[in-house]
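The block underneath contains the structure these notes are about, expressed in structure tokens.
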Amino acid sequence: MKKRKKQTNGVLSNMVASVLKRCENLQLKVKILATDHNLQMMKEVSVHFDSELPQYNTKGGAIMQNDRITVTAPTEMWVQALDLALDKMKQSGFDFSTVVAVSGTGQQHGSVYWKNGSHAILRRLDAKMTLHEQVKHCFSIKDSPIWMDSSTYAECRYLEKCVGGAQQLADITGSRAYERFTANQIRKVFCRQREAYEKTERISLVSSFAASMLLGDYAPIDYSDGSGMNLLNLKLKTWDKTCLLSVADNLEEKLGIPVPSSTDLGYISSYFCQRYGFNSNCKVIAFTGDNPASLAGCRLQKGDIVVSLGTSDTLILWLDEPHPSTEGHIFINPIDDDAFMALLCFKNGSLTRERFRDKYAGGSWENFSKALQMTKPTNNGNIGIYFDVQEIIPESVGDHRFDGKDKKVVEFSNDEEIRSLVEGQFMAKRFHAEQLGHKLTPQSRVLATGGASANPEILQVLSDVFQAPVYTLDTSNSACLGCAYRANHGVMGGHKTAFADIFRQPPNYKLAAKPRPADYDIKRYGRLENAIIPL
Ligand code: ADP
């Protein structure tokens with residue numbers, strides 16, 4: 001920290017290209033990014049799995065099995081990509097000796113199974129050899145289950161039954177059972193590959209796996225990524241005993257003790273000092289999942305909300321008091337252990353907006369925007385709820401229109417149709433955010449990203465519905481940058497320092513809309529939405 005001018009923070013990430021839009025356009029890669037003392041990006045290299053490591057035959061960094069529900073990634077490929085990324089950084093002339101701290105992120109939910117005896121190998125890595133050469137035989141399960149997997153339906157129902165139901169599991173862990181969540185993946189290994197499970201001495205998440213490489217030791221799982229497992233008790237911040245017992249034998253000892261996301265894990269392994277020239281004082285700060293890292297990268301604060309308007313729409317919320325539900329996910333907040341964050345995904349985003357553009361605005365976004373200008377906030381009481389494909393939140397489909405007296409109607413005027421769609425989509429977001437415990441405060445900001453955030457009229461409606469200013473921000477690299485920020489936060493004392501205090505320059509948010517006076521009845525919206533959910 002003394003050599004302030006030369007200070008850099010490194011970040012390692014095995015990430016989905018854009019975390020807020022993780023469902024589409026996956027370009028899985030390992031990326032290394034370094035920031036300078038002002039936390040501005042100064043160097044970036046990456047290794048693209050499909051094109052640069054074609055021998056693993058991955059598509060989008062993953063392998064889908066013949067059953068089309070089992071999706072994995074070769075664990076060994078991640079290690080080899082890390083070797084290549086570090087080599088690229090070295091070849092570019094990057095001075096590793098200036099790095100003060102390293103942190104990182106990994107795709108959430110994926111798991112790595114370390115074979116008995118691997119710890120000893122990690123502890124004495126030989127700097128003359130690549131990591132890949134030394135750890136490639138360390139995995140009892142060679143292909144890591146990842147977030148795209150949906151093969152654990154039976155395991156999910158079993159876990160929910162063991163704890164008393166889906167809501168009970170959400171109350172404990174922040175989410176009902178999901179097929180990609182790690183508890184259910186571990187149970188599948190336990191039930192179907194018992195011998196491999198017995199031979200496993202440690203289970204890591206993708207994030208703690210990458211941290212283990214840097215540390216030359218098993219790195220603990222952090223609270224925030226640990227919240228995406230259906231195993232961590234959100235209130236106690238420990239593995240939940242009932243969940244542990246329901247998943248597999250001797251699981252607690254294989255998981256290690258979870259830690260706060262800003263934990264200083266110790267010094268970087270001597271392997272990296274000898275092979276790449278890192279300073280032996282370089283710290284490793286706990287790694288976390290991609291969504292929590294993105295929250296850090298967006299510099300979210302109490303009361304803020306990120307709205308990503310892409311093919312599907314996603315919300316990331318800051319929560320002080322969580323109200324878990326069977327919809328969405330609640331995680332422990334990566335930059336404040338006493339707070340929480342939530343993630344909500346709505347399938348019907350831009351595709352439905354495009355349908356309305358084509359039907360009611362002659363296929364032009366300009367006309368679509370004009371319709372929003374020509375109509376008034378709250379749309380004379382007309383509310384529309386439109387789901388082209390089966391929605392996740394709520395589980396419903398079809399077009400539903402209500403007039404000011406809550407009477408079902410067939411159609412509004414063309415301009416009102418457009419306003420009813422945009423208002424309906426944003427009222428749904430506010431309603432579900434509030435259901436999970438989000439509270440708008442006078443300081444709340446809505447941070448908008450994604451393709452539709454280019455449209456000022458759509459953002460004006462967003463601002464009116466949330467009664468908060470809307471800012472746009474560039475989220476490319478948000479997860480990676482978030483970890484460079486977290487690395488800095490970790491060396492500055494972690495949770496003892498306010499995250500906002502680590503920045504010397506103001507965030508690059510652009511004010512896009514200020515709220516106009518408007519009285520949106522969010523409770524009424526909720527009643528109408530509940531009325532359309534099939535029994
Ligand atoms: P993805 O989730 O596929 O990465 P993007 O975040 O890039 O999507 O958003 C793409 C979407 O943005 C397009 O499907 C399009 O409907 C929408 N879009 C682009 N420009 C506008 C605009 N001016 N107004 C509203 N929506 C827009």
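Indexing begins at 1, ligand by ligand and atom by atom, following the structure's order. Not measured: the values here are computed from a predicted model.
For Tyr485 and Phe503, the gap between ring centers is short of 6.0 Å.
Of the N and O atoms on the side chains of Arg353 and Gln425, at least one donor lies less than 3.5 Å from an acceptor on the other residue. For the 3.5 Å distance criterion, the side chains of Asn379 and Ser420 fail to qualify, holding no donor opposite an acceptor.
Heavy-atom proximity to Thr311, at under 4.0 Å, picks out these atoms of ligand 1: 1 (P), 2 (O), 3 (O), 8 (O). In the vicinity of Ile458, heavy-atom distances shorter than 4.0 Å reach the ligand 1 atoms 25 (C). Taking every non-hydrogen atom of Gly450 and a distance limit under 4.0 Å, the qualifying atoms of ligand 1 come out as 6 (O).
Residue pairs meeting the ring-ring contact (aromatic ring centres under 6.0 Å, His included) criterion with at least one partner in residues 359-394, sequence neighbours excluded, are Phe356-Tyr360, Phe356-Tyr386, Trp365-Phe368.
Using 4.0 Å as the threshold, Glu354 has a heavy atom nearer than that to some atom of ligand 1.
Scored by the side chain to side chain donor-acceptor pair (under 3.5 Å) test, Asp399 finds Arg355 as partners (sequence neighbours excluded).
By heavy-atom distance, the residue among Gly451, Ala454, Ser350 lying nearest atom 5 (P) of ligand 1 is Gly451.
Where the criterion is an N or O separation shorter than 3.5 Å, residue side chain and backbone included, Gly310 fails it with respect to ligand 1.
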